[in-house]
Amino acid sequence: MLIDTFGRTIDYIRVSVTKQCNFRCQYCMPDTPMDFYEDENHIPLEAMATFLKIAIDEGIKKIRITGGEPLLRKDLSTLISSIHKYAPEVEIALTSNAFLLKKYALSLKQAGLERINISLDSLKPDRIIKISKKDALKSILEGIDEAQKVGLKIKLNMVPIKGINDDEIIEILEFARSKNITLRYIEYMENTHAKNGLKGLKEVEILDIVKRKYPLKLIEKENFGPAKIYVLQDNYVFGIIAPHNDDFCKTCNRIRITSEGTICPCLYYQESVDAKPAILSRSTKQMKDALLESVQNKPEKNLWNEEMKTDEISARAFYYTGG
Ligand code: SAM
Ligand code: SF4
């Protein structure tokens, strides 16, 4: 079992399989050139699978594949099926912008993918273009429908930003509810790669907007997960991920590995372990040592807070760590 120095059991790993993306979201990588290609340093997915199997042997029970945009890796189904065959009890999930999902949903499901979280920041085609620099709404909606059709469990993720999409907080909630899909609002996390001047809505502001239309109550803090769960009177359940809150890190159960093999024990903390040489050497002992070192290095708390000064804002890119 992987237990950190603060007594937290680490049983969840997020795996970024690429830094590349077909979107340029304002809160993530707006200024990266569209032809950005820096993935020669990729860990081959077959080697990443070996590392993940060792992580499973050490106690990992859930794997989320992310990026950049993970569906840009054409051999993704092979990675999923290799892990699924090795440990069918391990939950494999994916986070995607869904642009390519219609094409891949069935093969991903057949490979063993159980869940998918899909980013949906607007239901207005022009606004999606403004947010992501891609004319993508139609493809995203088709991807959601296809994922539902093939039986993937779905959650939608929305990052509400002031003056950009905060007027759609209710609309997206109602859309998710109409499709019987759980919605999670994610507080915007400040980082130096995002567009200057973005202001995200905090949990209390999001709740105020929802409450004006729908009475609701908090039901629980998601067990060993980052979201607080709320329920409307008609029993529709949604979540809010609020890393700025004080208690956010207490039940953190996760570590991250980048597509280049760097293990990050916390999304907003510069410490990391370079596991690339260990993974490429295929040495079980070296990979296990790197994993244990990263868990031992896991900090107690992230560094997001309300009064962050410009020079304290995280320089870690979400498209690198996988969000
Ligand atoms: N490309 C995929 C997607 O967008 O779903 C997966 C990678 S993306 C980095 C993973 C998640 O991080 C998405 O839900 C996205 O909305 C979220 N994200 C990215 N930048 C963020 C930021 N600055 N603050 C909060 N969430 C962010
Ligand atoms: Fe791409 Fe996801 Fe970042 Fe948007 S949030 S630019 S879709 S990696």
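The analysis underlying the following values was restricted to heavy atoms, covering all of them including side chains, and did not include hydrogens, waters or symmetry mates. Residue numbers start at 1 and run along the sequence shown. Note that ligands are numbered from 1 as they come in the structure, with each ligand's atoms numbered from 1 the same way.
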Does ligand 1 have any atom that is closer than 4.0 Å to a heavy atom of Met158?
-> no

Identity and separation of the nearest protein heavy atom to atom 11 (C) of ligand 1 | Thr95 CG2, 4.3 Å

Those atoms of ligand 1 less than 4.0 Å from some heavy atom in Asn97 = 2 (C), 3 (C), 5 (O)

Salt-bridge test for Arg8 and Asp4: reply yes if a basic N is under 4.0 Å from a carboxylate O, no otherwise.
-> yes

Answer yes or no: does an N/O atom from Tyr27 fall short of 3.5 Å to an N/O atom of ligand 1?
-> yes

Answer yes or no for Cys25: is there a heavy-atom contact with ligand 1 below 4.0 Å?
-> no

Donor-acceptor pair between Arg256 and Ser16 side chains, under 3.5 angstrom = no

Based purely on interatomic distance, does Ser119 place a nitrogen or oxygen under 3.5 Å from a nitrogen or oxygen of ligand 1?
-> yes

Do Ile209 and Leu218 belong to the same hydrophobic cluster, where Ile, Leu, Val, Met, Phe, Trp and Tyr are linked whenever their side-chain heavy atoms lie under 4.5 Å apart, directly or via other members?
-> yes

May I ask you to check if ligand 1 and Met189 share an N or O to N or O distance below 3.5 Å?
-> yes

Taking only non-hydrogen atoms of Asn97 and a 4.0 Å limit, the atoms of ligand 2 in range are 7 (S)

Examine Leu291 and Phe6 and state if one hydrophobic cluster contains both, with Ile, Leu, Val, Met, Phe, Trp and Tyr joined whenever side-chain heavy atoms are less than 4.5 Å apart.
-> no

Cluster overlap Tyr27 with Ile129, hydrophobic side-chain contacts below 4.5 Å | no

Judging by distance only, is a nitrogen or oxygen of Asn117 under 3.5 angstrom from one on ligand 1?
-> no

Under a heavy-atom criterion of less than 4.0 Å, does Ser96 contact ligand 1?
-> yes

Charged N-O contact under 4.0 Å between Glu142 and Lys103 | no

Numbered atoms and elements of ligand 1 in range of Gly67, under 4.0 angstrom, heavy atoms = 7 (C), 9 (C)

How does Glu187 reach ligand 1, if at all, at less than 4.0 Å between non-hydrogen atoms: by side chain, backbone, both, or neither?
-> backbone

Would you mind running through ligand 1 and noting each atom that sits below 4.0 Å from a heavy atom of Thr66?
-> 6 (C), 7 (C)

For atom 6 (S) of ligand 2, closest protein heavy-atom neighbour = Cys25 N, 3.3 Å

Is there a donor-acceptor contact under 3.5 Å linking the side chains of Glu174 and Tyr214?
-> yes

Polar side chain donor-acceptor pair, Asn22 to Glu69, under 3.5 angstrom = no

Under 4.0 Å from one or more heavy atoms of Met29, ligand 2 contributes atoms 6 (S)

After noting the C-alpha distance and the side-chain angles of Tyr188 and Gln26, does the key distance pass the side chain to side chain donor-acceptor pair (under 3.5 Å) rule?
-> CA-CA 11 Å; Tyr188 165 62; Gln26 292 193 17; over 6 Å; no

Relative to ligand 2, is Cys21 under 4.0 angstrom through side chain, backbone, both or neither, heavy atoms considered?
-> side chain

Which residue and heavy atom of the protein sit nearest atom 12 (O) of ligand 1, plus the separation | Gly323 CA, 4.0 Å

May I ask you to say whether Asp145 pairs ionically with Lys179, meaning some side-chain N is under 4.0 Å from a carboxylate O?
-> yes

Got the closest protein heavy atom to atom 10 (C) of ligand 1, with its distance?
-> Gly322 O, 3.6 Å

With only distance considered, is Glu69 within less than 3.5 Å of ligand 1 through an N or O on each side?
-> yes

With a cut-off of 2.8 Å, does any N, O or S atom of Cys28 fall short of it relative to atom 3 (Fe) of ligand 2?
-> yes

Under 4.0 Å between heavy atoms, the region of Val159 that gets near ligand 1 turns out to be side chain

Backbone, side chain, both or neither: what part of Asn191 comes under 4.0 angstrom of ligand 1, heavy atoms only?
-> side chain

Parallel, tilted or perpendicular, as decided by the 30° and 60° cut-offs, for the rings of Phe99 and Phe23 = perpendicular

Would you say Gly68 and ligand 1 have an N/O pair spaced under 3.5 Å apart?
-> yes

Could a heavy atom of Gly68 be found less than 4.0 Å from some atom of ligand 2?
-> yes

Using modelled atom types only, decide if a donor and an acceptor are shared between the side chain of Asn191 and the backbone of Met189 within a distance under 3.5 Å.
-> yes

Salt-bridge contact Asp289-Lys285 (side-chain N to carboxylate O under 4.0 Å) = yes

Which of Asp234, Leu183, Val237 passes side-chain contact (heavy atoms from CB on, under 4.5 Å) with Arg177? Answer is Asp234

